[in-house]
Visitor: 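Structure in structure tokens, see below.
In this text, all values refer to a predicted model and were calculated from it rather than measured experimentally.
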Amino acid sequence: MISANGIGKSFDGVRAVDALSFHVAAGEVYGLLGPNGAGKTTTLRILATLLLPDTGSAEVAGFDTVRQAERVRRSIGVVNGGMGLYDRLTGRETLHYFGRLYGMRPGAIEARIAALDEMLELGEDILSRRAAGYSSGMKQKIVIARAVLHDPPVIFFDEATSGLDVVARRAVLDFVRRYPGEERAVVYSTHVMTEVEELCDRACIIYRGRKIAEGGIGELIEAGGGGTLEDAFFRLVEGNGVRAAGPRDASGVERAL
Amino acid sequence: MRPQLILRVAAKEILSTLRDQRAIISNLLIPLIVLPVVMLGLPLLLGGLFQREQTTVTSVGIAGEANLPAELASLLKAQNVGLQKVDDPEAAVRDGTVPVAIGVPADFAGKVTSGAGADLTLYSKPGNMKSELNANKIQQAVQDYSRQLVSGRLRAAGLNPDILQPVHVQSVDASSAAEKRSGQLSWLIPFFIAIWTLTGGQMTAIDATAGEKERGTLEALLVTPIRRTEVVTGKFLATVTFGLSAAVMAIVGYVVGGAIVGSAFTPHLGGQAADLVQVMGGSLDISPTSVLLLLVSALLLAGTISALLLSITMFARSFKEAQSYVAPLSILLILPAVGLQFKDLLGFGDGIYMVPVFNALVLMDDIVKGTASSGPVLTTWLTLLVVIVLLLAFANRNFHREGVIFRV
């Protein structure tokens, strides 16, 4: 479903992503795990066609991200922690606007809103209210609804729970757990170890743009010498020439919630 | 390019701006109501005050009233001046007892009769409007008195008073009817269109570019199947709509306000107030062809300014940063617009119609005055179209640049 083949990207001479390769199959929740600045967001932006890779290539849902960018965009949904909403539009207006950009008819949009209402417990309060009056949880629900409105086979979550309270965070995690089916794939990017442990079938540990390790959660822990995923993460990172002096010192990885 | 997607983006931007109270106030209410009230109301108010001061009898201080010739006293009365005895005329004006005062020396009448120069002292407060207006009344009365004396003496000597002014100049207004009617509006209309397009369009332009980045909505928009060229075009259309609507509101408010004030209030005021209001818009009369030419020119000017706004605001990361980029544009537009008043003195050649933005201002000035011809019209329109295309291409190119879109 998703295939990154040696993709690389530099900004002002700094290598943000370095020859990164991974594959995600249908039905999988794939984790991108790494500290802030590891290159996770850049990787997802390349896959979402927002950035062009300097090297390598990527395919999403069978389409090349450079040559078939528009078809890729029809096949993906993106949720990230920094995504906002139009303050002066209601939830329903926002969904209609994006639905029309995806080429959906008003009737189809309404039907999909009804389905998402059930799935995300949106409620008329969220749908009819302008986004300026939303709590962070309400906002994130509409952000997710907007991303999956057109029922894409691939969805990218990038630090989607950052800044959310515990209830809103739980709603996001529940959605990610339920969303993938046989025909869908999810890439879940985060620096929170427990979320990866909880949600992902497989994960890739990225550090300074490079892949440090990849595999199932159990395999990663085993490769890192056992214990928790967090312990394994630090050992794997140190084994690649990086010293983790304290809980957040070397990498900025959040060790505990 | 898919027009339905472009219109979808434009409609969303328009709806978003319409729901912004600040935009409604600055784009619609201020140009439509506040601006005409200030610009027409102020001269009306001042004109009314001048008129009142001239028509009401004001007490003026006088020292030496007994020395005042009867003819001069009656001329002062004709100017609505009432005389009030004061011992110290300078002190009376200084402490505000009277707005002005005159001092008539004991030998005044004698000197006038003998033909020697007679002195009359006028005490006033320069800078004080009431004092100056009443000083003018006294000066007018004294001038009339002097004229009467000179005429009388010349006639007594068997001479015609006209020998004092051997040549008379007859002025004839040779301007066209449109030029006469346009008054100050000939340069105010382009001025308003330029300034209000900028004011009205900037909120939409900033919200649609830097605002999208600041809110974090741009990324969500760009991962949809819409092409970036379509996004830029949609945002451009919304910016033009608001820019032009603010400009139209300003002109409608001004012209309608001028007409209402002209017909409803000035007959009661007359004089200066009526003249002021009439000059500011009460007599504007533009032919349908001129209106069409004006609209196309305004649309192209609005398009140029909107494309410029989008090109600039796209680089900003936040609303505030974008505002600081846009602020200097006001000066760039105001200066040439004000310079239109001195167009005749500056003596521009036809090359001026190839200078973007300024060409539209000059052309609209020509249209309102009824002096526009096909050459300048086509040159201006073509130049503006080329500039719009170039600016949009620039904006579009930048909208594809990762460094601009993800600038943090």
Visitor: Could you tell me which portion of Arg71(A) (side chain, backbone, both or neither) has an atom closer than 4.5 angstrom to a non-hydrogen atom of chain B?
Guide: neither
Visitor: Sort Leu50(A) into side chain, backbone, both or neither according to what part of it lies under 4.5 angstrom from a heavy atom of chain B.
Guide: both
Visitor: Passes side-chain contact (heavy atoms from CB on, under 4.5 Å), Arg45(A) versus Glu402(B)? Steps please.
Guide: CA-CA 11 Å; Arg45(A) 282 178 173 168; Glu402(B) 295 168 356; over 6 Å; no
Visitor: Which bit of Lys139(A) is near chain B, if near means a heavy-atom gap under 4.5 Å: side chain, backbone, both or neither?
Guide: neither
Visitor: Of the backbone (N, CA, C, O) and the side chain (C-beta and beyond), which part of Asp20(B) lies under 4.5 Å from a heavy atom of chain A, both, or neither?
Guide: both
Visitor: Any donor and acceptor pair, going by atom type alone, linking the side chain of Arg88(A) with main-chain N or O of Arg19(B) inside 3.5 Å?
Guide: no
Visitor: Is the number of heavy atoms from other residues, nucleotides or ligands within 6.0 Å of CD (Glu183(A)) greater than 12?
Guide: no
Visitor: Looking only at heavy atoms and a cut-off of under 4.5 Å, which of Gly211(B), Ala11(B), Pro225(B) has the most pairs with chain A?
Guide: Pro225(B)
Visitor: Answer yes or no: are there more than 12 heavy-atom neighbours, outside Arg105(A) itself, under 6.0 Å from its atom CZ?
Guide: no
Visitor: With a 6.0 Å cut-off (strictly less than), is the heavy-atom count around CD of Gln21(B), excluding the residue itself, greater than 12?
Guide: no
Visitor: If you take all heavy atoms of Ala220(B) and Phe98(A), which pair is closest and at what distance?
Guide: O-CE2, 3.6 Å
Visitor: If every non-hydrogen atom of Leu221(B) is compared with every non-hydrogen atom of Leu101(A), which pair is closest and at what distance?
Guide: CD1-CD1, 3.5 Å
Visitor: What residue in Leu52(A), Thr49(A), Asp12(A) has the most heavy-atom pairs under 4.5 Å with chain B?
Guide: Leu52(A)
Visitor: Does a sphere of radius 6.0 Å around CZ in Arg2(B) hold more than 12 heavy atoms from other residues, nucleotides or ligands, not counting ones at 6.0 Å or beyond?
Guide: yes
Visitor: For Leu18(B), is it the side chain, the backbone, both or neither that has a heavy atom under 4.5 Å from a heavy atom of chain A?
Guide: neither
Visitor: So, does Arg73(A) use its side chain to make a donor-acceptor pair with the main chain of Val223(B) at under 3.5 Å?
Guide: no
Visitor: How many angstroms lie between atom CG of Leu44(A) and atom CD of Glu219(B), to the nearest 0.5 angstrom?
Guide: 9.5 Å
Visitor: Is the closest basic N to carboxylate O distance between Asp87(A) and Arg215(B) below 4.0 Å?
Guide: no
Visitor: Is it the side chain or the backbone of Gln4(B) that comes within 4.5 Å of chain A heavy atoms, both, or neither?
Guide: neither
Visitor: Is there a side-chain contact (heavy atoms from CB on, under 4.5 Å) between Thr224(B) and Tyr97(A)? Walk through the geometry before answering.
Guide: CA-CA 11 Å; Thr224(B) 68; Tyr97(A) 174 55; over 6 Å; no
Visitor: Considering only heavy atoms from C-beta outward, does the side chain of Phe406(B) approach that of Thr42(A) to under 4.5 Å?
Guide: no
